[in-house]
Engineer: 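Input: one structure, supplied below.
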Amino acid sequence: MELILFYVFAVTVVGGGIGVVASRNPVASLMFMVVSLASVAGIFVLLEAHFLAAIQVMVYAGAIMVLFLFVIMLLNLGHDYRDDLVRGLYAVCAFVVSGALCGLLATRFGGAETSPLYESFPGAAAMDLELAERGAVSLIARPLFQEYVVPFEITGILLLVAVVGAVALAKKRV
Amino acid sequence: MLTEALTTSALLFVIGTFGVLVRRNAIIMFLCIELQLNAVNLALVAFSRYVGVEGQVFVFFVMTVAAAEAAVGLAIIISIFRHYRTVNVDNFNLLKW
Amino acid sequence: MTLAPLSSLIQESTQPAAFEPVLPGLIVLLPLLGFLVNGVLAMRAGARAAIAVRAGADGSEHQDDGHKRWVTLVGPGVVGLSFVLVLLNFAGMFHADLHDPVVVSYWSWMVTGALEVDAALQLDQLSMIMMLVVTGVGFLIHVFSVGYMHDDPGYARYFSYLNLFVFFMLVLVLGASFPVMFVGWEGVGLCSYLLIGFWFQDREKSDAGKKAFIVNRIGDFGFLVAMFLVFTTFGTLAFAEVFPEAPALLEYGGATVTAITLFLFLGAAGKSAQIPLYVWLPDAMAGPTPVSALIHAATMVTAGVYMVARTSVLFALAPVSSAVVATVGVLTALLAATIALAQYDIKKVLAYSTISQLGYMFLAVGVGAWAAGIFHLMTHAFFKALLFLGSGAVIHAMHHALHGTHSHADPQDMRNMGGLRAAMPVTWITMWIATLAIAGVWPLAGFFSKDEIIWYAGLAASSSYPVLFTVLWVLALATALLTAIYMTRLMVMTFHGANRTGREEARHLHEAPRVMTIPLIALAVLSVVGGWVNVPEEVAASVLGLAGALPTSEWLHHWLEPVTAGATEIRYEHLGEPAHAAPFGGGEVLWAGLSTLAALALVLFTARAAARWKVAPAAQAAAPAGLKGLLFNKWYVDEFYDRFVVQPVLAASRFSWRVIDTVLIDGAVNGLGLVTRAGGAFVSLFQTGQVNTYALVLTLGVLAIVGFVVFQGGPP
């Protein structure tokens, strides 16, 4: 059951990605993107990362994508698709390079579960046990606020800087 | 399920890469970069299922950075658009020699 | 110079006092101080003259002569004070029983790795003699210059150069190591260049200065190479360390010591105008005449002889080099003497005479008679300085006479002179004394010194290379006779016979002022008695010594013994003590008597013959032809050098310029630039400014890294 669901999500993830790249209209691209992100969230759930799945939908598919949509509509883009796409030799090169990268990654990831290295880790069963004991939020909250509290605070500063920067850059006159 | 998840992640990453390479619309390129980030997130979560919860913490940070990046990047695109009346990156080639 | 009591003092003093040098640094520094003071005065005078000219005035009329009094005081004064200090030191050393040189070290000059050189002065018997000559004769020449140069606008500049020269010459003779000596060596070369080209507005004169400088550089190269060889062999350059170690470290007649000495001799040949580097000295006569007297007769040109005497230990270890030195010396002496026979310029005759006499000195040091070489150096300084100063007085008078009638005749050409004795009696008499002295007429200085050299050359034939040294001995005797001929010719053409200056000019002829004649007289006295410091015992006892009336000391030999003992010991050890006889038999007295009789006879004969010559003034004279022409044109050596040395060097330089520099080097540099630009242009093609392109390249990089990880293993 889970595997079937996973494949469904995987297909929508990849299909959404292809849609993003292939759509003529930026708004359509964006819609495909939302599909793709939501499917990733589904895979997150299948991988027992419930909290991340939730913020994936809320922050990514919700907030960030809406931001993109605003900008696209604000700038009234999407009418010059012909210029938008690279053609010719360069496109062939790009395709070859991407394909080669894909091939390399595939050869690497094939049979990852049989690798002896993974036997030294707790494994899915241990993770399930911990999840049942502590709950999805608590599971991620503990390391986030204990071991990684300094990066967490710095991330806050980063967001603040980004907000200020965005305002400063986008305003007509500062 | 690890192999499948990683393969999906790799496919998504390559699609994102290909998009960055072939599209000239700055916003679409941006979206493709987000696709790549998501591919990485997917891989991290898949690993965290077996290795430990730290992978998920990492994803959390990546999302934050992606949000910050989106904010600043879109602001830059707006500002460039004001100047050039386009977001086609072919026109932004002053920074070459 | 009462030498009898002095020499007895040496032998009798049982408790010799230790020698304490008296302010040796000040001896050297005083002339330097004079140079600085005169240099400042010269610069101020020059600046004022420039202002006057700019203000529209004629520079020569509004000459500011106020500074000249100071120059007159400072210029000769510092040298005189140095001379007094040298005398004090000499007295101190005279009463001391000094065997080892006294080295006064001031500061550490160079310390680089194994090389350590101190700025140190070395006082010993040899440098003492040289100091006496340099400061003593130098002082007289400075005094003479006061009269000779007084009307010259460059008066202060002249004395500053002259003081600087004395400073460097003292550094040369006092230096306690090769590098310090080399500083003086180069410094006197610089001063020589500056003073030859003193009247630099004249192209010919500044060219003569350059010629002297360049030819000297060839010799300096030899000196430098010799220094490097000494350093690699001994690991030190200080005289006091090199010479004592030399017999132990160097094989007798070995390649190293022969190379060192030959290179040293190349340096000496450059500085002392020996074959093949003598050509600069005749041209050096372009300088003021007192300069010729001081630098190009009495002191600087003898530096080569001094250097060979200083390094006598090394030369004693290299019999081949010594033979080369002697041979070159004799050949130079003969060649220069023949050229001197046919010159008309009074200073040219004296210049070739100087070269010839320097050849004698090299013969002496080449046959191991170092003391005899230094002896002749000293006496030659007296009479040749006198001859040059006398010729200076003559030129001075001629110049004034010709100037009086605005004639453009050459004041130095002897064909324009004649009969000057009536106008210039003091110059005439003193110059005759010098002439007889240089010709080797008994009992003047040259007789003793020259005969000693010839005698030792004959003795050398009995120890090594008998045939070579016998030939050299005969040539040296013949050259002595030539000397008598050309000097008498000079005297007769200048002072005797009919006057050829022209009647109007003759009325303007006058004797030099007293400031010039007094140095002449002083030098004349020295030319008479200078030889008596070193009368060989055998000669002194004979009729030539007035049966003992002349001091019988061989004083100079004894005085220099601490310096030359090491070298003499080496010679005796390897060659054996020479037999006390000339190659064809006969003792010292016989040959000395024969030579003085021959010289006297030739002087009288030449004087009688020359008196009958019909000499036309230079303007009307035909160019000399035949053998005379060959001699007049100096055997065409200058032309030979021009054809086979100068022109090939110029051609090679032109080749280097046009082909190597312009085509190869510039081509390489420009080509490199072109390649760089082309490369840049090519690489800039990748810099499209297109984000997609960059992204593609970046992805390629990622691909490479991932590929590396996948195929090379790494963490799974």
Side-chain angles (χ1 to χ4, degrees), chain A residues 3 6 10 13-14 17-18 20-21 26 29-30 33 36-37 40 43-44 47-49 52 55 59-60 64 67-68 71-72 75 77 83-86 91 94-95 98 101-102 105-106 109-113 118 121-124 127 139-140 143-144 148 151 155 158-159 162-163 165-166 169-170, chain B residues 1-19 21-25 27-28 30-32 34-35 38 41-42 45-46 48-54 56-57 59-61 63-72 74-79 81-82 86-88 90:
Chain A
L3 209 57
F6 175 84
V13 165
V14 174
I18 291 170
V20 170
V21 174
S29 282
L30 207 61
M33 184 76 185
S36 186
L37 292 178
V40 169
I43 296 179
F44 281 1
L47 291 169
E48 308 290 344
L52 280 181
I55 52 172
V59 175
Y60 242 129
I64 296 179
L67 191 62
F68 273 85
V71 171
I72 289 169
L75 303 182
L77 300 170
D83 286 347
D84 190 358
L85 203 63
V86 177
F95 188 77
S98 309
L101 195 59
C102 185
L105 291 174
F109 291 148
E113 275 161 324
Y118 292 106
F121 293 117
M127 287 291 289
L139 186 68
I140 192 167
L144 195 60
Y148 298 98
T155 313
L158 177 72
L159 281 172
V163 168
L169 280 167
Chain B
M1 218 193 289
L2 181 63
T3 307
E4 291 84 348
L6 288 177
T7 311
T8 312
S9 151
L11 268 174
L12 194 57
F13 184 84
V14 170
I15 289 166
T17 309
F18 186 69
L21 294 182
V22 298
R23 297 295 293 255
R24 288 204 190 97
N25 187 325
I27 291 190
I28 305 293
F30 230 125
L31 281 177
C32 293
E34 298 289 342
L35 272 184
N38 261 283
N41 282 355
L42 187 53
V45 171
S48 86
R49 178 91 181 109
Y50 295 91
V51 176
V53 80
E54 280 87 355
Q56 297 188 22
V57 175
V59 171
F60 182 83
F61 286 130
M63 280 181 188
T64 330
V65 171
E69 179 214 325
V72 176
L74 287 172
I76 291 173
I77 286 172
I78 288 172
S79 135
F81 183 82
R82 278 209 193 105
T86 177
V87 289
N88 190 325
D90 270 4

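Predicted, not measured: the structure shown is a model, and the values here were computed from it. Every chain is numbered from 1, with letters handed out A, B, ... down the list of sequences.
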Engineer: Between B:R82 and A:A170, is there a donor-acceptor pair closer than 3.5 Å when you use the side chain of the first and the backbone of the second?
Structural biologist: yes

Engineer: Stepwise, does the side chain to side chain contact (heavy atoms under 4.5 Å, CB included) test hold for A:L47 with A:L52?
Structural biologist: CA-CA 10 Å; A:L47 291 169; A:L52 280 181; over 6 Å; no

Engineer: Do side-chain atoms of B:R49 reach the backbone of A:E48 as a donor and acceptor pair under 3.5 angstrom?
Structural biologist: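 Not confirmed, B:R49 side chain does not pair with A:E48 backbone.
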
Engineer: If you count heavy-atom pairs under 4.5 Å between each of A:G165, A:S36, A:A49 and chain B, which one has the most?
Structural biologist: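 Winner by heavy-atom pair count: A:A49.
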
Engineer: Side chain, backbone, both or neither: which part of B:I28 has a heavy atom under 4.5 Å from chain A?
Structural biologist: side chain

Engineer: Considering only heavy atoms from C-beta outward, does the side chain of B:L11 approach that of A:C102 to under 4.5 Å?
Structural biologist: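 When only atoms from C-beta onward are counted, A:C102 and B:L11 do touch, with a gap below 4.5 Å.
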
Engineer: Is B:F60 in contact with chain A via its backbone, its side chain, both, or neither, using a 4.5 Å heavy-atom distance?
Structural biologist: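 Both backbone and side chain of B:F60 come within 4.5 Å of chain A.
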
Engineer: Out of B:I78, B:T8, B:I76, B:V22, return the one with the most heavy atom pairs under 4.5 angstrom to chain A.
Structural biologist: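 Ranked by contacts with chain A, first place is B:V22.
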
Engineer: Do side-chain atoms of A:S98 reach the backbone of A:A94 as a donor and acceptor pair under 3.5 angstrom?
Structural biologist: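 Checked: pair present.
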
Engineer: Taking every non-hydrogen pair under 4.5 Å, which of A:V20, A:L75, A:L144 racks up the most with chain B?
Structural biologist: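 With the most close heavy-atom pairs to chain B, the winner is A:L75.
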
Engineer: Let me confirm one number: the CG-CZ distance from A:L158 to B:F61, rounded to the nearest 0.5 Å.
Structural biologist: 11.0 Å

Engineer: Among B:T64, B:N41, B:I77, B:L74, single out the residue with the greatest number of heavy-atom pairs under 4.5 Å to chain A.
Structural biologist: B:L74

Engineer: Please look at A:F68 and chain B and tell me whether the side chain, the backbone, both or neither of the residue comes under 4.5 angstrom of a heavy atom of that chain.
Structural biologist: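 Both parts, heavy atoms under 4.5 Å.
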
Engineer: Between B:T7 and B:T3, is there a donor-acceptor pair closer than 3.5 Å when you use the side chain of the first and the backbone of the second?
Structural biologist: yes

Engineer: Of the backbone (N, CA, C, O) and the side chain (C-beta and beyond), which part of A:I43 lies under 4.5 Å from a heavy atom of chain B, both, or neither?
Structural biologist: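 Side chain only.
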
Engineer: Side chains of A:M33 and B:E34: does their closest heavy-atom pair fall under 4.5 Å?
Structural biologist: yes

Engineer: Looking at B:V65, B:T17, B:L42, which makes the most heavy-atom pairs under 4.5 Å with chain A?
Structural biologist: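 Heavy-atom pairs under 4.5 Å are most numerous for B:L42.
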
Engineer: Heavy-atom cut-off 4.5 Å, strictly under: side chain, backbone, both or neither for A:F6 against chain B?
Structural biologist: side chain

Engineer: Pick one of side chain, backbone, both or neither for A:L139, based on which atoms fall under 4.5 Å of a heavy atom in chain B.
Structural biologist: both

